[in-house]
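First up is the structure itself, then whatever we jot down about it.
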Amino acid sequence: MKRTLLNGNERESIERWAKEVVPSLLYSETPDDLAEVICPRRTKNLTLPVARPIKKVMALALFSLDDTLPSRNARAFVRCALLNVGQWALNGRKRRTSAADFRNKLAATLQEMLNGLSELAEQLGKNAVNPVLINDSAETLDKYEPFTSEKAACAVSSPPYPGIHVLYHRWQVDGRRESNAPYWLANCQDGEGASFYNFADRRVEAIDMYFAASLRTLNGIRKVLENGAPFIQMLAFSDPVNHLPRYLENMRAAGFEEVLPAGTARIQRHVPSRRWHATIKGELNGAREIVLVHRAV
Ligand SMILES: C[S@@+](CC[C@H](N)C(=O)[O-])C[C@H]1O[C@@H](n2cnc3c(N)ncnc32)[C@H](O)[C@@H]1O
């Protein structure tokens with residue numbers, strides 16, 4: 001979806017949807033067949049009082065898609081906006097989001113996404129580039145075009161962080177109650193557990209699992225890079241003293257050397273307002289992200 005361009009008709013229909021349908025997504029409306037859209041199995045914990053109005057507005061939005069948008073791409077575009085705004089409204093929020101705030105944010109997000117897409121189309125037109133999005137593990141990159149015949153000149157990545165467990169596939173509504181609603185909005189299967197997205201699960205011994213999975217993906221990336229190509233990554237470490245050397249060892253094992261000229265230091269930043277700080281017991285190292293610059297050797 002991130003690289004799917006829309007035609008004029010699709011774009012106009014989304015603009016119309018934002019202008020005409022979004023203001024009509026009212027908590028008080030209950031069309032006859034709405035219950036079919038709200039599947040309780042796919043909207044866990046959205047019956048909580050903080051979530052109920054937003055759930056209703058999201059359900060009305062999904063309900064309208066088939067009748068108001070002309071193609072699968074246009075509908076997928078709106079589903080992406082609903083995912084973005086749904087997460088903003090419900091995930092880890094201290095304050096309640098009103099239905100009106102949700103509608104305003106949804107209209108603004110759709111416009112922002114359309115603007116971004118115009119910019120992308122312009123750049124692609126200028127440079128005659130055809131971006132490829134591979135939706136698979138980095139371990140398998142060499143199985144896909146263009147890497148079956150070409151190598152990349154550079155890689156940029158932000159892999160899962162060792163010892164830092166992020167709940168990518170759930171929203172935490174009203175404290176810690178987890179909702180699987182992202183899959184409901186995206187209309188796809190919730191088929192994988194948390195470890196699928198983190199290289200490992202929450203157990204202490206899972207750190208070995210993390211480094212094994214990390215090495216497999218680093219090998220996968222190395223296979224599709226030209227010799228000498230830079231590889232830039234951003235990571236955080238819950239236990240930098242033990243995990244940073246292990247990560248650097250993985251990098252060497254996969255065929256990379258660090259670019260860190262004498263007298264320089266790795267770039268670091270303090271991460272503003274990341275919820276996962278709270279998940280690191282008594283430990284704030286994970287609040288700092290560092291940039292690793294390597295070269296394929
Ligand atoms: C620290 S986050 C980086 C998110 C990224 N910066 C973004 O904006 O989408 C780590 C990401 O790595 C993804 N991931 C986990 N295992 C992977 C694998 N084997 N291959 C590629 N990506 C993976 C996770 O799903 C997660 O989105």
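Below, each value reflects all heavy atoms present in this structure, side chains not excepted, and no hydrogens, waters or symmetry copies. All ligand and atom numbering here is 1-based and tracks the order in the structure.
- Below 4.0 Å from some heavy atom of Tyr161 lie the following atoms of ligand 1, by number and element: 1 (C).
- A salt bridge does not link Arg246 with Glu249: none of the charged nitrogens is closer than 4.0 Å to a carboxylate oxygen.
- Within a 6.0 Å sphere centred on CG of Leu124, other residues, nucleotides and ligands contribute more than 12 heavy atoms.
- The N/O atoms of Ser137, backbone and side chain alike, include one that comes under 3.5 Å of an N/O atom in ligand 1.
- Annotation: the span from Thr97 atom OG1 to Lys105 atom NZ amounts to 10.0 Å, rounded to 0.5 Å.
- Below 4.0 Å from some heavy atom of Thr217 lie the following atoms of ligand 1, by number and element: 19 (N).
- Here the CD-CG distance, from Glu10 to Asn7, works out to 4.0 Å after rounding to the nearest 0.5 Å.
- A salt bridge links Asp190 and Arg170; the closest N-O separation between the charged side-chain nitrogens and carboxylate oxygens is under 4.0 Å.
- Less than 4.0 angstrom separates some heavy atom of Ser158 from each of these atoms of ligand 1: 1 (C), 2 (S), 3 (C), 6 (N), 10 (C), 11 (C).
- Within the 4.0 Å heavy-atom criterion, the part of Pro159 lying near ligand 1 is the backbone and not the side chain.
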